[in-house]
Amino acid sequence: MISRTLCIVKPDAVARGVAGQIIARFERAGFKLLAVKLLHMTYEQAAGFYVVHKERPFYKSLCLFMSQGPCIVMVLEGDAVIAGLRELMGATDPAKAAPGTIRRDFATSIESNAVHGSDSPESAAFEIPYFFSALEICSR
Ligand code: UDP
Ligand code: MG
């Protein structure tokens with residue numbers, strides 16, 4: 001089924017100049033880019049995005065990391081794109097990520113792990129409008 005997901009090339013990957021290589025993998029996978037922007041989140045904006053993790057011990061550090069520099073947020077569309085993107089990304093911890101995955105190739109720690117992808121249709125339904133209005137999503 002054709003669906004949409006919210007993807008972020010995180011500040012570590014943008015700063016290291018590997019965003020293009022990561023986005024090329026999405027294109028190679030056949031995902032369609034419906035919206036994209038570069039933005040530097042405030043701590044509060046990152047905290048709102050990751051509110052689902054607010055009780056987790058890594059929350060504050062994660063929000064500091066996500067607001068340390070610009071990231072690239074995008075909406076991707078494709079057949080089973082939510083699971084497909086998660087597969088391309090690899091496990092949260094790059095040490096556990098399979099060979100050939102984005103995190104295995106570009107992440108430097110469990111926190112600075114290069115990419116974000118929505119983990120379910122419910123998450124995507126919260127995350128896409130967090131960054132994009134309907135008018136910013138190219139759907140034709
Ligand atoms: N994270 C972290 N320490 C952890 C687990 C997660 O710093 O022990 C960070 C990491 O950047 C991760 C993000 O918090 O991508 C969100 O965690 P989640 O469990 O949702 O992982 P993901 O869905 O990104 O694989
Ligand atoms: Mg997650």
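What's counted below: heavy atoms across the whole structure, side chains too, no hydrogens, waters or symmetry copies. For clarity, every value in this text was computed on a predicted model and none was experimentally measured. Each ligand, and each atom within it, is numbered from 1 in the order the structure gives.
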So is Y50 polar-close to ligand 1, meaning N/O to N/O under 3.5 Å?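 It does not: no N or O of Y50 is found under 3.5 Å from an N or O of ligand 1.
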K10 N/O to ligand 1 N/O under 3.5 Å: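 In this structure, K10 places an N or O atom under 3.5 Å from an N or O of ligand 1.
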Which residue supplies the protein heavy atom nearest to [atom], what is that atom called, and how far is it?
atom                    : answer
atom 10 (C) of ligand 1 : I110 O, 3.2 Å
atom 11 (O) of ligand 1 : E111 O, 2.8 Å
atom 22 (P) of ligand 1 : T92 OG1, 3.6 Å
atom 18 (P) of ligand 1 : H53 NE2, 3.5 Å
atom 4 (C) of ligand 1  : F58 CD2, 3.4 Å
atom 24 (O) of ligand 1 : R103 NH2, 2.9 Å

Evaluating non-hydrogen atoms only, which member of N113, V115, L62 is closest to atom 14 (O) of ligand 1?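 Heavy atom nearest to atom 14 (O) of ligand 1 belongs to L62.
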Candidate with minimal heavy-atom separation from atom 23 (O) of ligand 1, of R86, H116, M89: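 Of the listed residues, R86 has the closest heavy atom.
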For E136, does the CD atom have more than 12 heavy-atom neighbours from other residues, nucleotides or ligands under 6.0 Å away?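 More than 12 heavy atoms, drawn from other residues, nucleotides or ligands, come within 6.0 Å of this atom.
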List for me each residue that meets side chain to side chain contact (heavy atoms under 4.5 Å, CB included) alongside A46, sequence neighbours excluded, and say none if there are none.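 Side chain to side chain contact (heavy atoms under 4.5 Å, CB included) check on A46 returns M41, C63, M66.
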Give a yes or no answer on whether the side chain of [X] reaches the backbone of [Y] with a donor-acceptor pair at less than 3.5 Å.
X    : Y    : result
T101 : A98  : yes
T5   : L76  : no
R103 : V115 : yes

Determine, for F131 and K37, whether the Lys NZ or Arg CZ falls below 6.0 Å from the six-membered ring centre while staying within 45 degrees of the axis.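 Because its charged atom misses either the 6.0 Å distance or the 45° angle limit, K37 does not stack over F131.
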According to the interplanar angle, ranging from 0 to 90°, do the rings of Y50 and H116 count as parallel (below 30°), tilted (30 to 60°) or perpendicular (above 60°)?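 Judged by the thresholds at 30° and 60°, the geometry between Y50 and H116 is perpendicular.
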